[in-house]
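Input: a single structure, listed below in C-alpha coordinates.
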2 protein chains.
Amino acid sequence: MPSEISFSIGDLAKATGTKVETIRWYERVGVLAAPERTSGNYRAYGAEHLERLSFVRRARDLGFSLDQVRDLLQLADDRNQPCDAVDRVAREHLEKVERKIADLEALRHELRDLIGQCRHGTVAECRIVQALSPQFGPAGISRRA
Amino acid sequence: MPSEISFSIGDLAKATGTKVETIRWYERVGVLAAPERTSGNYRAYGAEHLERLSFVRRARDLGFSLDQVRDLLQLADDRNQPCDAVDRVAREHLEKVERKIADLEALRHELRDLIGQCRHGTVAECRIVQALSPQFGPAGISRRA
DNA sequence: CCTTGACCCTGTAGCGGCCACAGGGTCCAT
DNA sequence: ATGGACCCTGTGGCCGCTACAGGGTCAAGG
(Lines give C-alpha, C1' and ligand atoms only; values in the text may rest on other atoms or scores of the structure.)
Protein backbone atom coordinates (compact mmCIF):
# COMPACT_ATOMS: atom_id res chain seq x y z
CA MET A 1 0.00 0.00 0.00
CA PRO A 2 1.70 3.16 -1.18
CA SER A 3 0.43 5.41 1.56
CA GLU A 4 3.24 7.94 1.24
CA ILE A 5 2.43 11.56 0.78
CA SER A 6 3.34 13.10 -2.52
CA PHE A 7 3.16 16.53 -4.01
CA SER A 8 3.44 18.29 -7.34
CA ILE A 9 6.33 20.12 -8.87
CA GLY A 10 4.59 23.41 -8.16
CA ASP A 11 4.38 22.60 -4.46
CA LEU A 12 8.01 21.60 -4.38
CA ALA A 13 8.90 24.81 -6.17
CA LYS A 14 7.05 26.93 -3.64
CA ALA A 15 8.45 25.04 -0.69
CA THR A 16 12.02 25.55 -1.79
CA GLY A 17 11.78 28.89 -3.53
CA THR A 18 12.79 27.36 -6.83
CA LYS A 19 11.25 27.88 -10.24
CA VAL A 20 9.47 24.91 -11.72
CA GLU A 21 11.69 25.01 -14.79
CA THR A 22 14.75 24.92 -12.58
CA ILE A 23 13.53 21.77 -10.86
CA ARG A 24 13.02 20.09 -14.23
CA TRP A 25 16.48 21.31 -15.19
CA TYR A 26 17.99 19.73 -12.07
CA GLU A 27 16.36 16.48 -13.01
CA ARG A 28 17.76 16.67 -16.54
CA VAL A 29 21.30 17.30 -15.35
CA GLY A 30 21.11 14.69 -12.64
CA VAL A 31 21.24 16.57 -9.36
CA LEU A 32 17.67 15.60 -8.52
CA ALA A 33 16.32 12.08 -9.07
CA ALA A 34 13.41 11.67 -11.44
CA PRO A 35 10.30 11.10 -9.33
CA GLU A 36 7.43 8.74 -9.91
CA ARG A 37 4.68 9.90 -12.21
CA THR A 38 0.95 10.00 -11.65
CA SER A 39 -1.48 8.44 -14.10
CA GLY A 40 -1.67 11.81 -15.80
CA ASN A 41 2.11 11.91 -16.19
CA TYR A 42 2.64 14.51 -13.50
CA ARG A 43 5.76 14.32 -11.40
CA ALA A 44 4.93 13.11 -7.88
CA TYR A 45 7.56 14.07 -5.33
CA GLY A 46 8.10 12.73 -1.86
CA ALA A 47 9.86 13.93 1.27
CA GLU A 48 13.22 12.69 0.02
CA HIS A 49 12.99 15.00 -2.97
CA LEU A 50 12.24 17.96 -0.78
CA GLU A 51 15.24 17.13 1.34
CA ARG A 52 17.43 16.71 -1.70
CA LEU A 53 16.34 19.89 -3.39
CA SER A 54 16.82 21.86 -0.18
CA PHE A 55 20.36 20.60 -0.05
CA VAL A 56 20.97 21.55 -3.66
CA ARG A 57 19.54 25.01 -3.23
CA ARG A 58 21.49 25.69 -0.09
CA ALA A 59 24.70 24.57 -1.74
CA ARG A 60 23.94 26.73 -4.78
CA ASP A 61 23.29 29.71 -2.53
CA LEU A 62 26.71 29.14 -1.07
CA GLY A 63 28.09 29.36 -4.57
CA PHE A 64 28.91 25.72 -5.23
CA SER A 65 28.71 24.73 -8.89
CA LEU A 66 26.30 22.03 -9.97
CA ASP A 67 29.26 19.74 -10.49
CA GLN A 68 30.33 20.33 -6.92
CA VAL A 69 26.77 19.82 -5.76
CA ARG A 70 26.68 16.46 -7.48
CA ASP A 71 29.90 15.52 -5.72
CA LEU A 72 28.64 16.71 -2.36
CA LEU A 73 25.41 14.77 -2.74
CA GLN A 74 27.24 11.60 -3.53
CA LEU A 75 29.59 12.12 -0.62
CA ALA A 76 26.75 12.97 1.72
CA ASP A 77 25.06 9.69 0.84
CA ASP A 78 27.95 7.59 2.00
CA ARG A 79 27.08 8.07 5.63
CA ASN A 80 29.89 5.98 7.09
CA GLN A 81 32.73 7.40 5.11
CA PRO A 82 35.00 9.95 6.75
CA CYS A 83 33.94 13.42 5.74
CA ASP A 84 37.35 14.62 4.62
CA ALA A 85 36.26 14.68 1.01
CA VAL A 86 33.35 16.93 1.86
CA ASP A 87 35.67 19.15 3.78
CA ARG A 88 38.02 19.32 0.80
CA VAL A 89 35.30 20.38 -1.62
CA ALA A 90 34.25 23.11 0.77
CA ARG A 91 37.80 24.32 1.25
CA GLU A 92 38.46 24.42 -2.45
CA HIS A 93 35.36 26.45 -2.90
CA LEU A 94 36.34 28.81 -0.13
CA GLU A 95 39.66 29.37 -1.83
CA LYS A 96 37.92 30.23 -5.05
CA VAL A 97 35.68 32.68 -3.27
CA GLU A 98 38.67 34.28 -1.61
CA ARG A 99 40.47 34.65 -4.91
CA LYS A 100 37.41 36.25 -6.41
CA ILE A 101 37.14 38.68 -3.55
CA ALA A 102 40.77 39.65 -4.00
CA ASP A 103 40.23 40.18 -7.72
CA LEU A 104 37.20 42.32 -7.14
CA GLU A 105 38.98 44.37 -4.53
CA ALA A 106 41.75 45.13 -6.98
CA LEU A 107 39.09 46.10 -9.47
CA ARG A 108 37.39 48.33 -6.95
CA HIS A 109 40.68 50.06 -6.32
CA GLU A 110 41.22 50.74 -10.01
CA LEU A 111 37.70 51.96 -10.50
CA ARG A 112 37.94 54.29 -7.54
CA ASP A 113 41.16 55.75 -8.90
CA LEU A 114 39.55 56.20 -12.25
CA ILE A 115 36.49 57.93 -10.88
CA GLY A 116 38.48 60.00 -8.45
CA GLN A 117 40.34 61.59 -11.31
CA CYS A 118 37.30 62.83 -13.15
CA ARG A 119 37.26 66.62 -13.19
CA HIS A 120 33.85 66.80 -14.82
CA GLY A 121 35.08 68.63 -17.86
CA THR A 122 34.53 67.53 -21.45
CA VAL A 123 35.07 64.04 -22.71
CA ALA A 124 38.21 65.20 -24.51
CA GLU A 125 39.96 65.80 -21.22
CA CYS A 126 38.22 63.09 -19.23
CA ARG A 127 40.62 60.99 -17.25
CA ILE A 128 38.32 58.04 -17.34
CA VAL A 129 38.31 57.99 -21.10
CA GLN A 130 42.07 58.50 -21.12
CA ALA A 131 42.59 55.69 -18.66
CA LEU A 132 40.54 53.39 -20.81
CA SER A 133 42.52 54.09 -23.96
CA PRO A 134 46.04 53.54 -22.74
CA GLN A 135 49.34 53.79 -24.55
CA PHE A 136 49.06 50.90 -26.95
CA GLY A 137 50.04 47.35 -26.29
CA PRO A 138 53.31 45.64 -27.22
CA ALA A 139 55.06 47.11 -30.24
CA GLY A 140 55.68 45.27 -33.47
CA ILE A 141 52.65 46.27 -35.44
CA SER A 142 53.32 48.99 -37.91
CA ARG A 143 55.72 47.07 -40.05
CA ARG A 144 53.47 45.47 -42.58
CA ALA A 145 52.24 47.44 -45.54
CA MET B 1 46.77 56.81 -52.61
CA PRO B 2 45.86 54.62 -49.66
CA SER B 3 49.29 54.59 -48.09
CA GLU B 4 48.02 53.72 -44.63
CA ILE B 5 49.49 50.83 -42.81
CA SER B 6 47.27 47.88 -42.23
CA PHE B 7 47.57 44.57 -40.50
CA SER B 8 45.85 41.26 -40.17
CA ILE B 9 43.52 39.98 -37.52
CA GLY B 10 46.30 37.77 -36.17
CA ASP B 11 48.57 40.78 -35.68
CA LEU B 12 45.82 42.69 -33.96
CA ALA B 13 45.17 39.70 -31.75
CA LYS B 14 48.80 39.46 -30.72
CA ALA B 15 49.13 43.18 -30.13
CA THR B 16 46.16 43.29 -27.80
CA GLY B 17 46.35 39.87 -26.24
CA THR B 18 42.98 38.92 -27.67
CA LYS B 19 41.98 35.72 -29.42
CA VAL B 20 41.21 35.99 -33.09
CA GLU B 21 37.73 34.57 -32.54
CA THR B 22 37.06 37.17 -29.89
CA ILE B 23 37.91 39.97 -32.30
CA ARG B 24 35.49 38.58 -34.86
CA TRP B 25 32.94 38.28 -32.08
CA TYR B 26 33.41 41.94 -31.14
CA GLU B 27 32.78 42.85 -34.76
CA ARG B 28 29.61 40.77 -34.83
CA VAL B 29 28.20 42.37 -31.71
CA GLY B 30 29.19 45.85 -32.74
CA VAL B 31 31.88 46.92 -30.33
CA LEU B 32 34.54 46.93 -33.05
CA ALA B 33 33.88 48.37 -36.50
CA ALA B 34 34.16 46.03 -39.47
CA PRO B 35 37.44 46.83 -41.21
CA GLU B 36 38.20 46.97 -44.92
CA ARG B 37 38.94 43.73 -46.65
CA THR B 38 41.88 42.77 -48.84
CA SER B 39 41.38 41.29 -52.30
CA GLY B 40 41.53 37.87 -50.64
CA ASN B 41 38.76 38.85 -48.23
CA TYR B 42 41.06 39.18 -45.24
CA ARG B 43 40.26 41.81 -42.66
CA ALA B 44 42.70 44.73 -42.91
CA TYR B 45 42.93 46.73 -39.71
CA GLY B 46 44.35 50.20 -39.16
CA ALA B 47 45.62 52.14 -36.18
CA GLU B 48 42.10 53.20 -35.21
CA HIS B 49 41.09 49.59 -34.74
CA LEU B 50 44.06 48.94 -32.52
CA GLU B 51 43.10 51.94 -30.43
CA ARG B 52 39.50 50.85 -30.26
CA LEU B 53 40.24 47.28 -29.34
CA SER B 54 42.67 48.38 -26.65
CA PHE B 55 39.90 50.46 -25.15
CA VAL B 56 37.48 47.57 -25.26
CA ARG B 57 39.93 45.17 -23.66
CA ARG B 58 40.86 47.57 -20.92
CA ALA B 59 37.22 48.21 -20.13
CA ARG B 60 36.50 44.48 -20.12
CA ASP B 61 39.44 43.91 -17.80
CA LEU B 62 37.82 46.41 -15.49
CA GLY B 63 34.70 44.30 -15.56
CA PHE B 64 32.46 46.47 -17.72
CA SER B 65 29.89 44.50 -19.70
CA LEU B 66 29.90 44.68 -23.48
CA ASP B 67 26.78 46.81 -23.31
CA GLN B 68 28.57 49.24 -21.05
CA VAL B 69 31.58 49.16 -23.32
CA ARG B 70 29.37 50.11 -26.27
CA ASP B 71 28.00 53.01 -24.24
CA LEU B 72 31.44 54.13 -23.14
CA LEU B 73 32.74 54.04 -26.69
CA GLN B 74 29.91 56.15 -27.96
CA LEU B 75 30.36 58.62 -25.12
CA ALA B 76 34.09 58.73 -25.62
CA ASP B 77 33.57 59.69 -29.25
CA ASP B 78 31.64 62.81 -28.42
CA ARG B 79 34.77 64.70 -27.50
CA ASN B 80 33.09 67.98 -26.59
CA GLN B 81 30.35 66.64 -24.41
CA PRO B 82 30.73 66.91 -20.66
CA CYS B 83 31.97 63.62 -19.29
CA ASP B 84 29.31 63.22 -16.63
CA ALA B 85 27.72 60.35 -18.48
CA VAL B 86 31.04 58.51 -18.56
CA ASP B 87 31.44 59.17 -14.88
CA ARG B 88 27.97 57.79 -14.22
CA VAL B 89 28.62 54.54 -16.06
CA ALA B 90 31.81 54.07 -14.09
CA ARG B 91 30.11 54.81 -10.80
CA GLU B 92 27.29 52.41 -11.51
CA HIS B 93 29.82 49.76 -12.28
CA LEU B 94 31.74 50.47 -9.12
CA GLU B 95 28.56 50.07 -7.13
CA LYS B 96 27.92 46.70 -8.72
CA VAL B 97 31.44 45.60 -7.91
CA GLU B 98 31.01 46.72 -4.32
CA ARG B 99 27.76 44.82 -3.97
CA LYS B 100 29.43 41.74 -5.34
CA ILE B 101 32.30 42.04 -2.90
CA ALA B 102 29.86 42.33 -0.03
CA ASP B 103 27.97 39.25 -1.22
CA LEU B 104 31.15 37.25 -1.54
CA GLU B 105 32.32 38.34 1.89
CA ALA B 106 29.09 37.10 3.41
CA LEU B 107 29.63 33.86 1.54
CA ARG B 108 33.17 33.59 2.80
CA HIS B 109 31.92 34.02 6.31
CA GLU B 110 29.38 31.23 5.93
CA LEU B 111 31.87 28.92 4.33
CA ARG B 112 34.41 29.53 7.06
CA ASP B 113 31.82 28.75 9.68
CA LEU B 114 30.89 25.60 7.85
CA ILE B 115 34.44 24.41 7.52
CA GLY B 116 35.36 25.42 11.04
CA GLN B 117 32.72 23.06 12.38
CA CYS B 118 34.03 19.98 10.66
CA ARG B 119 35.27 17.49 13.23
CA HIS B 120 36.61 15.10 10.59
CA GLY B 121 34.42 12.26 11.68
CA THR B 122 32.11 10.31 9.40
CA VAL B 123 29.74 11.86 6.94
CA ALA B 124 26.81 10.95 9.17
CA GLU B 125 27.98 13.41 11.80
CA CYS B 126 29.55 15.94 9.46
CA ARG B 127 28.50 19.46 10.23
CA ILE B 128 29.02 20.53 6.66
CA VAL B 129 26.55 17.99 5.40
CA GLN B 130 24.16 18.93 8.17
CA ALA B 131 24.46 22.60 7.40
CA LEU B 132 23.71 21.92 3.77
CA SER B 133 20.55 19.99 4.51
CA PRO B 134 18.80 22.35 6.87
CA GLN B 135 15.47 22.06 8.60
CA PHE B 136 13.15 22.25 5.63
CA GLY B 137 11.87 25.38 4.04
CA PRO B 138 8.50 27.03 4.67
CA ALA B 139 5.87 24.64 5.90
CA GLY B 140 2.69 23.79 4.08
CA ILE B 141 3.76 20.79 2.17
CA SER B 142 2.68 17.60 3.73
CA ARG B 143 -0.97 18.29 3.44
CA ARG B 144 -1.77 16.84 0.11
CA ALA B 145 -2.24 13.13 -0.25
C1' DC C 1 55.48 25.85 -61.11
C1' DC C 2 53.95 23.33 -57.25
C1' DT C 3 53.62 22.05 -52.65
C1' DT C 4 53.56 22.91 -47.89
C1' DG C 5 52.03 24.99 -43.93
C1' DA C 6 50.60 29.10 -41.66
C1' DC C 7 47.34 31.91 -41.71
C1' DC C 8 42.51 33.54 -42.92
C1' DC C 9 37.27 32.95 -43.95
C1' DT C 10 32.17 31.61 -42.59
C1' DG C 11 29.06 29.16 -39.87
C1' DT C 12 27.63 26.43 -36.12
C1' DA C 13 27.66 24.37 -31.57
C1' DG C 14 28.95 24.41 -26.88
C1' DC C 15 29.94 26.13 -21.95
C1' DG C 16 26.87 27.15 -17.02
C1' DG C 17 22.67 27.73 -15.00
C1' DC C 18 19.02 28.64 -15.74
C1' DC C 19 14.50 31.42 -17.81
C1' DA C 20 10.79 31.94 -20.99
C1' DC C 21 8.14 30.69 -24.21
C1' DA C 22 4.89 27.60 -27.53
C1' DG C 23 1.74 24.19 -28.08
C1' DG C 24 -0.32 20.92 -26.03
C1' DG C 25 -2.56 17.76 -21.89
C1' DT C 26 -4.81 17.21 -17.08
C1' DC C 27 -7.50 18.14 -13.24
C1' DC C 28 -10.89 20.17 -10.35
C1' DA C 29 -14.58 23.32 -9.23
C1' DT C 30 -18.52 25.36 -10.90
C1' DA D 1 -19.46 21.31 -20.13
C1' DT D 2 -16.33 24.84 -19.31
C1' DG D 3 -12.96 27.66 -17.51
C1' DG D 4 -8.70 28.38 -15.47
C1' DA D 5 -4.84 26.74 -12.94
C1' DC D 6 -1.79 23.76 -13.22
C1' DC D 7 1.22 20.20 -15.68
C1' DC D 8 3.95 18.13 -19.83
C1' DT D 9 7.86 18.27 -23.62
C1' DG D 10 10.82 20.72 -26.49
C1' DT D 11 13.23 24.65 -28.12
C1' DG D 12 15.59 28.99 -28.07
C1' DG D 13 17.64 32.73 -25.58
C1' DC D 14 20.91 35.08 -22.16
C1' DC D 15 26.52 36.48 -21.66
C1' DG D 16 30.99 36.40 -23.54
C1' DC D 17 33.32 34.03 -25.53
C1' DT D 18 35.75 29.37 -27.31
C1' DA D 19 36.27 25.61 -30.40
C1' DC D 20 35.60 23.34 -33.96
C1' DA D 21 34.61 21.96 -39.27
C1' DG D 22 35.31 22.69 -43.81
C1' DG D 23 36.96 25.48 -46.79
C1' DG D 24 40.08 29.66 -49.13
C1' DT D 25 44.58 32.55 -49.49
C1' DC D 26 49.25 33.49 -49.51
C1' DA D 27 54.31 33.47 -49.20
C1' DA D 28 58.43 30.76 -48.97
C1' DG D 29 61.09 26.86 -50.36
C1' DG D 30 62.20 23.09 -53.51
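Convention: sequence-line order gives letters A, B, ...; per-chain numbering from 1.
Side-chain atoms of A:Tyr42 lie closest to C:dG25 of the nucleotides C:dC18, C:dG25, C:dC8. The side chain of A:Leu66 lies closest to C:dC18, out of C:dC18, D:dC6, D:dT9. Residue A:Tyr26 has its side chain nearest to C:dC18 when only C:dG17, C:dC18, D:dT9 are considered. Listed nucleotides C:dT10, D:dC17, C:dC8 differ in distance to B:Ser8; the shortest reach to its side chain belongs to C:dC8. Closest to the B:Val20 side chain, of the nucleotides C:dC27, C:dC8, C:dC18, is C:dC8.
The residues B:Lys100 and B:Asp103 are annotated as not salt-bridged, no charged nitrogen and carboxylate oxygen being separated by less than 4.0 angstrom. A salt bridge links B:Glu98 with A:Arg112: the distance from a Lys NZ or Arg NE/NH1/NH2 to an Asp or Glu carboxylate oxygen falls below 4.0 Å. Ion pairing between a basic and an acidic side chain is recognised when a charged N comes within 4.0 Å of a carboxylate O; B:Asp77 and B:Arg52 show such pairing. Salt-bridge check for A:Arg43 with A:Glu27: passed, with a basic side-chain N closer than 4.0 Å to an acidic carboxylate O. The existence of a salt bridge linking A:Arg91 and A:Asp87 is confirmed by a sub-4.0 Å separation between a basic side-chain nitrogen and an acidic carboxylate oxygen. Ion pairing of B:Asp84 with B:Arg88 is absent here, as no side-chain N (NZ or NE/NH1/NH2) approaches a carboxylate O to less than 4.0 Å.
Within a 6.0 Å sphere centred on CZ of B:Arg127, other residues, nucleotides and ligands contribute 12 heavy atoms or fewer.
With rounding to whole Å, B:Phe64 atom CZ is found 15 Å from D:dC17 atom P. A straight line from CZ of B:Arg43 to C1' of D:dT25 spans 14 Å, rounded to a whole angstrom. Atom CG in B:Leu12 sits about 11 Å away from atom P in C:dC9, given to the nearest Å. One can place NZ of B:Lys96 at 11 Å from P of D:dC15, the figure rounded to the nearest angstrom. Atom C1' of nucleotide C:dT26 and atom CD1 of A:Ile9 are separated by 15 Å, given to the nearest angstrom. Atom CH2 of B:Trp25 is separated from atom P of D:dT18 by 11 Å (rounded to the nearest Å). Taking atom CG on A:Asp61 and atom C1' on C:dG17, their separation rounds to 14 Å, with Å as the unit. In this structure, A:Leu32 atom CG and C:dC18 atom C1' are separated by 15 Å, rounded to whole Å.
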Protein and nucleotides 11-14 of chain C: nitrogen or oxygen contacts under 3.5 angstrom:
none

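A:Ser65 comes within 4.0 angstrom of sugar-phosphate atoms only, judged by non-hydrogen atoms across all strands, and of no base.
Look at A:Thr22 and you'll find a side-chain N or O under 4.0 angstrom from OP1 or OP2 of C:dC19. OP1 and OP2 of D:dG16 both lie 4.0 Å or more from every side-chain N or O belonging to B:Arg57. Considering only side-chain N and O atoms, A:Arg37 lies nowhere under 4.0 angstrom from the phosphate OP1 or OP2 of C:dT26. The phosphate of D:dA19 (OP1 or OP2) has a side-chain N or O of B:Lys19 nearer than 4.0 angstrom.
Comparing A:Gly40 and A:Thr18 by the nucleotide of DNA chain C that holds the closest heavy atom to each, the one mapping nearer the 5' end is A:Thr18.
Distance OG1/A:Thr16 to CG/A:Leu50: 7.5 Å, rounded to 0.5 Å.
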